[in-house]
Amino acid sequence: MSTAFGKGHHLHLIDGSAFIFRAYHALPPLTRKSDGLPIGAVSGFCNMLQRYVETNTGDDAPTHVAVIFDKGSHTFRNEIYDQYKANRDEMPEDLRPQIPLTRRATEAFNIACKELEGYEADDIIATLAVQARELGGRCTIISSDKDLMQLVGDGVEMLDAMKNKRIDRDGVFEKFGVYPDRVVDVQALAGDSVDNVPGAPGIGIKTAALLINEYGDLDALLERAEEIKQPKRRQTLIDHAEQIRLSRKLVLLDENTPLEFTLDDLEVRTPDPDQLMPFLAEMEFRTLTKRIAEKLDVEPPEIDDTPASAPEAPEIEEVPFDRAGYSKVGTIDELQAWIDRIYERGYVAVDTETTGLNEMTADLVGISLSVEPGQACYIPLIHKKSSSDDLFGSDDLAEGQMPLDEALEMLKPVLEDPSILKIGQNMKYDLKIFARGGITVSPIDDTMLMSYAMHGGLHGHGMDQLAERYLGHTPIPIKPLLGSGKSAITFDKVPLDDAVPYAAEDADITLRLWQQFKPSLHRAQVTRVYETLERPMVPVLAQMERTGIKVDRDTLSRMSNAFSQSMAGLEAEIHELAGRSFNVGSPKQLGEILFDEMSLPGGKKGKTGAYATGADVLEDLATEHELPARVLDWRQISKLKSTYTDALQDHINAETGRVHTSYSIAGASTGRLASTDPNLQNIPVRTEEGRRIREAFVAEEGKTLVALDYSQIELRILAHIADIPALKEAFRRGDDIHAMTASEMFDVPMEEMTPEIRRRAKAINFGVIYGISGFGLARNLRIPRSEAQGFIDRYFERFPGIRAYMDDTKAFAKDHGYVQTLFGRRIHTPNIGAKGPHAGFAARAAINAPIQGTAADVIRRAMVRMPAAIERLPAKMLLQVHDELLFEVEQGAEDDLIAAARTVMEAACDPVVKLDVQLSVDAGQGENWAVAH
DNA sequence: GACATCACG
DNA sequence: GACGTACGTGATGTCC
């Protein structure tokens with residue numbers, strides 16, 4: 001193309017700053033591996049450019065294109081109004097060095113890159129758009145900035161690239177209530193808090209549009225302001241006429257910026273691999289380099305990302321572990337001396353010793369403190385006289401202890417002081433213990449959660465493990481102090497001579513770990529994860545666990561009795577069918593009956609040589625014989641009885657009449673919570689009989705249980721991460737997602753969908769989330785492996801983004817040793833490079849982790865915000881079940897709660913991540929959990 | 001304490 | 001080309 005820009009030509013103008021900020025906020029803070037240079041925004045920017053290049057081909061492709069950037073912070077607008085954009089936040093520290101790199105990226109993609117000192121990008125865009133229009137061509141502005149909307153019309157359009165939404169004259173009218181030529185008038189009246197444009201106080205876009213439409217334009221309006229009927233509005237306009245005129249000058253774009261190039265200089269050029277490849281390699285973008293190299297059909301360059309020098313571990317003062325630094329605190333004066341030291345320091349490591357592991361029933365026995373490595377104390381409070389003094393044990397307290405109340409009274413102000421940081425290992429435990437004593441510990445840090453944020457997937461995060469690994473020290477074991485089995489004692493029976501070094505050491509270790517971890521969080525780039533997804537969960541979960549949920553013992557007990565009866569009946573029947581009596585609960589004995597004595601078809605399992613008698617095997621055998629079917633029935637009832645109706649009764653707290661689970665925050669590698677003692681995340685729901693267990697989970701008299709759950713959250717996240725347009729579109733329309741998949745895959749119109757076809761598609765959708773394999777799908781659907789593989793191939797063909805996601809994720813895991821969620825949580829994948837069968841496991845886990853982990857992050861964010869959101873409602877959050885939150889609310893306030901909680905849950909990604917797919921939350925309510933779910 | 005089994009998302 | 005396989009959890013009962 002060599003003719004001058006004119007009719008038939010199409011100019012694209014990309015708002016560079018919008019791309020940069022979007023890239024920066026959408027991505028976790030990545031750094032270049034070799035030297036730690038922050039490049040997250042550059043990476044996102046390049047991805048967006050690449051996506052732009054890929055999608056803008058064909059009939060409507062641009063003939064001319066440029067990316068326009070802002071330059072300098074001082075523009076002519078600051079000359080007329082010194083407060084213009086004065087309330088903008090400073091640019092983030094790690095974004096600043098990336099700005100010049102985005103210019104280089106644009107040039108590397110062989111796209112024109114323009115900026116002009118003293119002018120905003122918007123002015124350059126305005127100038128070029130007007131030129132294009134006057135020369136008879138078209139122009140598309142790729143931005144969603146409302147300040148640019150005044151340019152729309154006569155061949156100029158805007159395109160919101162994120163939402164893939166075109167904005168024409170009608171779109172502008174929708175936004176402003178006027179057509180583009182009057183947009184500046186409306187903006188001048190309404191002002192803009194983001195750019196700090198004053199406007200007229202008390203007048204928003206709605207009112208502004210109303211006035212402009214009535215009077216024609218701004219000048220006429222200001223001239224005839226006296227005629228306005230509403231007295232307040234009239235006065236505002238008369239008083240602020242000058243300010244409004246100034247505002248118009250600020251929002252009016254300069255269409256005559258002195259550019260030193262013409263439209264003809266912006267002609268579209270094809271990418272030049274010799275420019276682009278070296279740049280991408282320099283940035284060390286492995287996956288992107290590979291992907292673009294494939295598109296351009298060139299060899300990807302070698303990427304050298306060996307660190308220039310190994311990152312240095314911080315110098316930690318080496319203080320040997322020595323019991324000499326540990327002391328007992330037994331008097332007011334001794335405790336006061338420690339409190340003084342804490343105030344001097346500003347932080348303290350705290351650990352509590354109790355009579356048990358259950359925070360709801362255990363009693364506080366003593367408290368240990370440390371403010372300096374090697375220096376720690378233990379404050380024993382209710383230790384009993386040693387049993388050697390009194391053979392029969394005694395309730396008399398040991399000598400040399402402070403009264404519990406007195407000690408807590410002295411410590412309460414410290415533990416609640418907002419200026420003193422309390423450091424603990426698994427602080428949720430200590431928080432709950434102190435809360436029962438009326439003390440609200442805050443603010444806190446938690447070494448277990450720091451380790452989880454940094455090392456998730458690498459190893460566990462218990463204190464013994466962390467001490468061993470990061471301090472090279474083996475802590476004093478608890479076993480010899482407490483004993484085990486029947487003769488085990490509680491910590492209050494441990495002699496003080498043993499208790500002091502043990503307890504003090506825990507505080508010492510915690511402090512040392514904290515000193516090492518605190519600065520490392522930043523280097524590992526998980527500060528935001530720790531601060532927003534880990535630490536804030538501690539008080540929220542502590543509160544939920546303390547609240548507990550009411551469980552009706554009679555309901556459970558009645559069910560237990562009924563189960564006993566049917567089990568006895570089934571057992572007799574099974575023995576009859578087997579021809580002899582045996583233990584139905586023993587897979588070993590069952591295997592012998594089925595395969596040796598009855599010679600039913602089935603084989604051994606390699607590892608232990610035992611027959612497999614899992615539900616899937618028995619289901620297959622059920623067609624041959626009645627015995628396996630009866631065993632399946634027996635097992636289902638046995639499970640329900642032993643795990644649920646029996647065990648759950650033992651967990652009802654005598655004081656509260658409620659069941660209090662404990663959530664582990666750092667248990668699951670993906671970021672999910674885990675529930676223990678009892679596990680309330682696996683209460684039956686899938687079968688009718690099982691679901692009845694949930695009838696025992698009830699609301700208090702006068703209250704209602706409300707359940708809210710995310711609909712298809714993992715598939716929605718997949719649609720976003722893997723960028724699957726068909727899936728996104730289906731979610732936008734609110735389609736049956738599995739039916740849509742089936743229709744797409746098997747070429748069946750939606751109207752002719754059968755449950756069987758849909759079932760298959762559903763299995764494939766879930767399979768994808770788990771890192772699909774032909775074998776796994778075949779087993780799940782009970783179809784030949786070749787057929788399953790055919791389905792998968794077809795799926796990849798119809799949704800190519802999925803395969804790209806899977807390949808990219810595996811490659812990323814291999815390169816980095818971890819994968820990450822949209823919110824920056826890192827899940828390490830140490831086995832990803834393994835050879836042999838291990839490799840498949842690690843790869844599938846790596847594919848699943850970002851999806852499951854992002855979903856976990858989302859609900860964590862919702863939970864952290866929930867207490868403030870429902871503060872004014874008579875409601876409490878009780879349980880979390882991965883994608884569901886359960887509340888108890890006073891009758892009458894159900895709808896208010898649902899509205900408030902739903903808002904928080906659906907907006908949980910804001911403002912860090914903008915999903916292409918909406919999150920949707922379903923709600924239910926009732927007197928028990930079976931109804932509410 | 002390992003293993004098999006099965007409850008949930 | 002073969003390995004072996006769906007992802008993430010916790011609780012219970014059997015058996016050694």
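If you're wondering where the values come from, they're calculated on a predicted model, not measured in any experiment. Within every chain, numbering begins at 1; the chains are lettered A, B, ... in the order of the sequence lines, protein sequences first and strands thereafter.
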Original post:
Heavy atoms under 4.0 Å, any strand shown: does A/Gly614 hit a base, just sugar-phosphate, or nothing?
Top reply: sugar-phosphate
Subject >> More than 12 heavy atoms of other groups within 6.0 Å of A/Glu927 CD >> reply: no
Original post:
Reckon A/Gly585 touches a base, only the sugar-phosphate, or nothing at all at heavy-atom distances under 4.0 Å?
Top reply: sugar-phosphate
Original post:
Phosphate oxygens OP1/OP2 of C/dT14: is one of them under 4.0 Å from a side-chain N or O of A/Asn583?
Top reply: yes
**OP:** Assign A/Asn679 to base, sugar-phosphate, or nothing according to its heavy-atom contacts below 4.0 angstrom with the strands shown.
**Re:** sugar-phosphate
**OP:** Output yes when at least one side-chain N/O atom of A/Arg672 is less than 4.0 Å from OP1 or OP2 of C/dG8, else no.
**Re:** no
**OP:** Answer yes or no for A/Arg844 and A/Phe841: cation-pi contact, defined as NZ/CZ to six-membered ring centre under 6.0 Å and angle to ring axis within 45°.
**Re:** yes
Original post:
How is A/Ile772 classified with respect to the nucleic acid when contacts are heavy atoms under 4.0 Å: base, sugar-phosphate, or nothing?
Top reply: base
Subject >> Distance-only side-chain donor-acceptor flag, A/Gln636 / A/Thr687, under 3.5 Å >> reply: yes
**OP:** Looking at every strand, decide which applies to A/Ala788 at a 4.0 Å heavy-atom threshold: base, sugar-phosphate, or nothing.
**Re:** nothing
**OP:** Check every nucleotide of DNA chain B for an atom under 4.0 Å from a heavy-atom of chain A, then give the first and the last such nucleotide from 5' to 3'.
**Re:** B/dC3 to B/dG9
Original post:
When you check the gap from the basic side-chain N to the acidic O, do A/Arg580 and A/Glu597 get nearer than 4.0 Å?
Top reply: yes
Original post:
Quick one: does A/Ser773 reach the base of C/dT5 with a side-chain donor-acceptor pair under 3.5 Å?
Top reply: yes
**OP:** Name the nucleic acid region contacted by A/Phe841, choosing base, sugar-phosphate or nothing; use a 4.0 angstrom heavy-atom cut-off, strictly under.
**Re:** sugar-phosphate
**OP:** Determine, for A/Glu906 against A/Arg716, whether the closest basic-nitrogen to carboxylate-oxygen distance falls under 4.0 angstrom.
**Re:** no
Original post:
Can you check salt bridge (Lys or Arg N to Asp or Glu O under 4.0 Å) on A/Glu689 and A/Lys639, steps first, answer last?
Top reply: CA-CA 11 Å; A/Glu689 301 93 310; A/Lys639 178 82 174 185; over 6 Å; no
**OP:** Classify the nucleic acid contact of A/Ala855 as base, sugar-phosphate or nothing, counting any heavy atom under 4.0 Å across all strands shown.
**Re:** nothing
**OP:** In plain terms, say whether A/Glu688 and A/Arg692 are close enough for a salt bridge, that is, a side-chain N and a carboxylate O under 4.0 Å apart.
**Re:** no
**OP:** Pick the C1' atom in B/dC6 and in C/dC3, then give their distance to the nearest Å.
**Re:** 28 Å
Subject >> Bracket notation of DNA chain C in which parentheses pair within the strand, [ ] cross earlier pairs, and | pairs with another strand (Watson-Crick or G-U, under 3.5 Å) >> reply: ......|||||||||.
Subject >> Nearest-angstrom distance, P atom, B/dA7 to C/dA2 >> reply: 36 Å
**OP:** Determine the contact category for A/Arg785: base if any of its heavy atoms lies under 4.0 Å from a base atom, sugar-phosphate if only primed atoms, P, OP1 or OP2 are that close, otherwise nothing.
**Re:** base
Original post:
Base, sugar-phosphate, or nothing: which does A/Asn780 touch, judged by heavy atoms less than 4.0 Å apart?
Top reply: base
Original post:
Just checking A/Asp709: base, sugar-phosphate only, or nothing, at a heavy-atom cut-off of under 4.0 Å?
Top reply: nothing
Original post:
For A/Gln589, which contact category applies under a 4.0 Å heavy-atom criterion: base, sugar-phosphate, or nothing?
Top reply: sugar-phosphate
Subject >> Flag for A/Asn765-A/Tyr795: side-chain donor and acceptor within less than 3.5 Å >> reply: yes
Subject >> Partner of A/Leu533 by side-chain contact (heavy atoms from CB on, under 4.5 Å), out of A/Ile665, A/Thr821, A/Asp857 >> reply: A/Asp857
Original post:
Between residues 633-651 of chain A and DNA chain B, which residues have a heavy-atom gap below 4.0 Å?
Top reply: A/Arg635, A/Gln636, A/Lys639, A/Tyr644
Subject >> NZ/NE/NH1/NH2 to OD/OE distance under 4.0 Å, A/Glu359 and A/Arg546 >> reply: no
Original post:
Just to confirm, is there a sub-4.0 Å distance from OP1 or OP2 of C/dC16 to any side-chain nitrogen or oxygen of A/Lys588?
Top reply: yes
Original post:
Ion pair present between A/Arg758 and A/Asp736, side-chain N to carboxylate O less than 4.0 angstrom?
Top reply: yes
**OP:** May I ask you to decide whether A/Asp446 forms a salt bridge with A/Lys428, counting only side-chain N to carboxylate O separations under 4.0 Å?
**Re:** no
**OP:** Sticking with atom P, work out how far C/dA6 lies from B/dT5, rounded to a whole angstrom.
**Re:** 13 Å
